Amino acid sequence: MSEEPFSAFDCRAMARALELAAFGLQTAHPNPRVGCVIARGEQIIGEGWHVRAGEPHAEVHALRAAGAAASGATAYVTLEPCSHHGRTPPCAQALLDAGIGRVVFALEDPNPRVNGGGARLLRERGVPVQSGLLQTEAAELNAGFLKRMRTGRPWVRVKLAMSLDGRTALADGQSHWITGPAARQDVQLWRARSGAVLTGIGTVLADDPRLDVRLEDPPGGARPPQLRVVLDSQLRTSPQARLFSVPGPVLVVAGAPLPAETQAYARRRAALEMHATVETLPTAAAGRVSLAALLGALGHREINELWVESGPTLAGALLAEGWADELILYVAPRLLGPQGRPLALLPALERLQDSAWFDIISSEPIGADLRVRLRPRRPSQEDN
């Protein structure tokens with residue numbers, strides 16, 4: 001964290017760098033979304049952002065735009081410049097080679113291959129470095145990358161859609177469509193920014209979803225299809241499921257076969273492996289795949305943000321076990337009645353103060369519906 005005060009222009013320049021970083025919201029995966037502004041005095045002379053993995057980082061784009069004028073200028077970067085050779089050369093060295101006179105970055109990079117190394121290299125070479133400017137905003141933009149670097153697991157967003165009385169479907173399962181077209185299009189944007197979309201076998205059997213991204217003009221341009229993941233302990237997914245009717249990778253996550261199901265399980269696995277990758281993970285209660293193992297496996301696959309669209313069983317398990325980092329809740333202005341299906345299956349409570357608590361991050365009308373973003377919190381003393 002810098003001890004020197006930041007100027008008003010410093011703040012404006014970093015805010016612009018964050019705007020640039022957001023251009024990579026749906027394309028930079030699995031890398032972080034990073035923006036860079038280069039300025040001489042209070043004149044911006046170069047801008048750039050990281051578009052996709054394997055291509056130049058934000059600093060390189062900004063340096064190219066600034067040209068020779070970058071010598072002696074200030075670079076504003078939303079994440080600590082990297083100091084290692086990965087898919088591309090180190091950005092800290094590129095800044096040094098261009099003669100940058102000062103570097104301001106928002107957030108330290110928790111990647112073990114960086115984690116202070118970029119700032120240290122710059123300081124050792126005599127470049128003044130300040131950090132911490134708009135770090136909260138920068139952290140929000142890369143919540144998934146930061147969490148994966150720190151814990152090995154992705155940021156988990158659980159999408160839910162309900163009526164005013166908290167129902168997701170009629171008693172017979174009818175749910176198309178509770179929400180309107182604007183909300184459904186908004187879901188596509190959230191899918192597009194996520195590294196993977198997860199559902200459970202119950203949803204696959206009941207709704208036969210594709211879970212692909214359907215955007216006519218995706219922000220940031222085209223990007224590889226997201227990984228679609230089915231949690232299917234006993235491999236009941238049909239090879240004819242609509243998941244396999246559209247391009248893009250599918251991962252079916254299974255548990256160990258039941259003793260009486262070994263041969264049938266092997267046949268089902270062989271049939272599925274013609275369409276998908278099948279991975280067996282440890283099981284937990286009731287023979288269900290361990291959610292901790294699942295999230296660890298997805299982190300190993302470099303998934304930063306996981307988007308969950310499932311029924312009440314998987315949603316309830318993610319909430320009850322504390323794996324959900326965020327809820328995206330769409331509320332439709334209609335009533336379905338007490339016989340409708342619940343939002344999430346959770347353990348019974350004996351005391352009201354033991355109920356799950358959430359902070360409302362934002363609420364916004366989306367067409368005729370309301371989208372509410374929530375994050376879990378622990379009840380404070382005065383809440384009891």
Side-chain angles (χ1 to χ4, degrees), residues 19 22-23 25-26 140-141 143-144 155-194 196-200 202-220 223 225-226 228 242-243 246 305-316 318-319 324-346 355-377:
E19 289 178 355
F23 289 147
L25 197 66
Q26 298 171 350
E140 180 68 24
L141 188 65
W155 181 270
V156 179
R157 287 191 179 94
V158 178
K159 172 259 180 181
L160 298 165
M162 71 176 194
S163 61
L164 289 173
D165 48 352
R167 303 296 168 175
T168 63
L170 298 181
D172 63 2
Q174 292 184 55
S175 62
H176 292 179
W177 296 95
I178 288 180
T179 56
R184 298 198 296 273
Q185 186 68 6
D186 191 62
V187 168
Q188 297 298 319
L189 293 170
W190 285 99
R191 283 185 188 175
R193 66 172 285 171
S194 304
V197 179
L198 170 68
T199 195
T203 298
V204 171
L205 295 176
D207 299 337
D208 197 16
R210 295 197 304 266
L211 296 181
D212 57 334
V213 175
R214 298 183 291 277
L215 293 172
E216 293 183 4
D217 185 20
R223 55 152 291 170
Q226 280 76 359
R228 288 165 294 151
R242 290 206 305 162
L243 283 165
V246 294
E305 296 181 9
L306 178 65
W307 178 255
V308 182
E309 292 189 37
S310 70
T313 301
L314 178 53
L318 288 165
L319 289 166
D325 296 296
E326 186 172 343
L327 300 185
I328 306 291
L329 178 64
Y330 296 89
V331 184
R334 59 170 65 187
L335 299 170
L336 298 186
Q339 290 78 33
R341 296 190 176 182
L343 193 67
L345 295 179
L346 296 167
S355 59
W357 290 71
F358 297 86
D359 289 319
I360 297 176
I361 304 303
S362 67
S363 60
E364 179 181 352
I366 306 291
D369 305 304
L370 181 68
R371 184 190 69 201
V372 185
R373 295 179 63 188
L374 309 104
R375 292 181 183 170
R377 67 178 173 94

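Keep in mind it's a predicted model, so treat the numbers as computed, not measured. Atom set for the values below is all heavy atoms of this structure, side chains included, hydrogens, waters and symmetry mates excluded.
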Asks: Could you pull out all residues at least two apart from Asp208 that satisfy side chain to side chain donor-acceptor pair (under 3.5 Å)?
Replies: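 Asp208 satisfies side chain to side chain donor-acceptor pair (under 3.5 Å) with no other residue.
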Asks: Applying side-chain contact (heavy atoms from CB on, under 4.5 Å) to Thr199 and Arg228, what does each step give before you reach the verdict?
Replies: CA-CA 8 Å; Thr199 195; Arg228 288 165 294 151; over 6 Å; no
Asks: Taking side-chain contact (heavy atoms from CB on, under 4.5 Å) as the test, write out the residues that go with Pro181, two or more places apart.
Replies: Arg184
Asks: Report the residues that fulfil side chain to side chain donor-acceptor pair (under 3.5 Å) with Glu19, sequence neighbours left out, ordered by chain and then residue number.
Replies: Arg16
Asks: Show me, pair by pair, the donor-acceptor contacts under 3.5 angstrom made by side chains of residues 305-316, not counting sequence neighbours?
Replies:
residue, atom, partner, partner atom, Å
Glu305, OE1, Arg157, NH1, 2.8
Glu305, OE1, Arg193, NE, 3.0
Glu305, OE2, Arg33, NH1, 2.6
Glu305, OE2, Arg33, NH2, 3.3
Glu305, OE2, Arg193, NH2, 3.1
Trp307, NE1, Glu309, OE2, 2.7
Glu309, OE1, Arg191, NH2, 3.1
Glu309, OE2, Arg191, NE, 2.7
Glu309, OE2, Arg191, NH2, 3.3
Ser310, OG, Ala315, N, 3.4

Asks: Could you check whether any side-chain N or O of Gln339 sits under 3.5 Å from a backbone N or O of Leu170, counting only pairs where one atom can act as donor and the other as acceptor?
Replies: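 The answer is no, because no donor-acceptor pair under 3.5 Å joins these two groups.
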Asks: Quick check for you: to the nearest 0.5 Å, what is the distance between Leu319 atom CG and Leu346 atom CG?
Replies: 6.0 Å
Asks: With sequence neighbours left out, write down each residue that passes side-chain contact (heavy atoms from CB on, under 4.5 Å) with Ala332, or none if nothing qualifies.
Replies: Ile178, Thr179, Arg334, Asp369
Asks: So, using side chain to side chain donor-acceptor pair (under 3.5 Å) as the criterion, who are the partners of Arg371 when residues are at least two apart?
Replies: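 Listed in chain order: Asp186, Glu364.
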Asks: Can you list the residues that meet the side chain to side chain donor-acceptor pair (under 3.5 Å) rule with Arg242, with sequence neighbours excluded?
Replies: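 With neighbours one apart ignored, the set is empty.
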Asks: Only counting residues at least two apart or in another chain, list the ones meeting side-chain contact (heavy atoms from CB on, under 4.5 Å) with Arg167.
Replies: Ser163, Asp165, Leu336, Pro342
Asks: If I take atom CZ from residue Arg375 and atom CG from residue Leu327, how far apart are they, to the nearest 0.5 angstrom?
Replies: 10.5 Å
Asks: Does any non-hydrogen side-chain atom of Val246 lie less than 4.5 Å from one of Arg214?
Replies: no
Asks: Do Leu374 and Leu329 have side-chain heavy atoms sitting under 4.5 Å apart?
Replies: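 With C-beta onward as the side chain, the pair touches.
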Asks: Tell me every residue that passes salt bridge (Lys or Arg N to Asp or Glu O under 4.0 Å) with Arg210, counting only those two or more places apart in sequence or in another chain.
Replies: Asp212
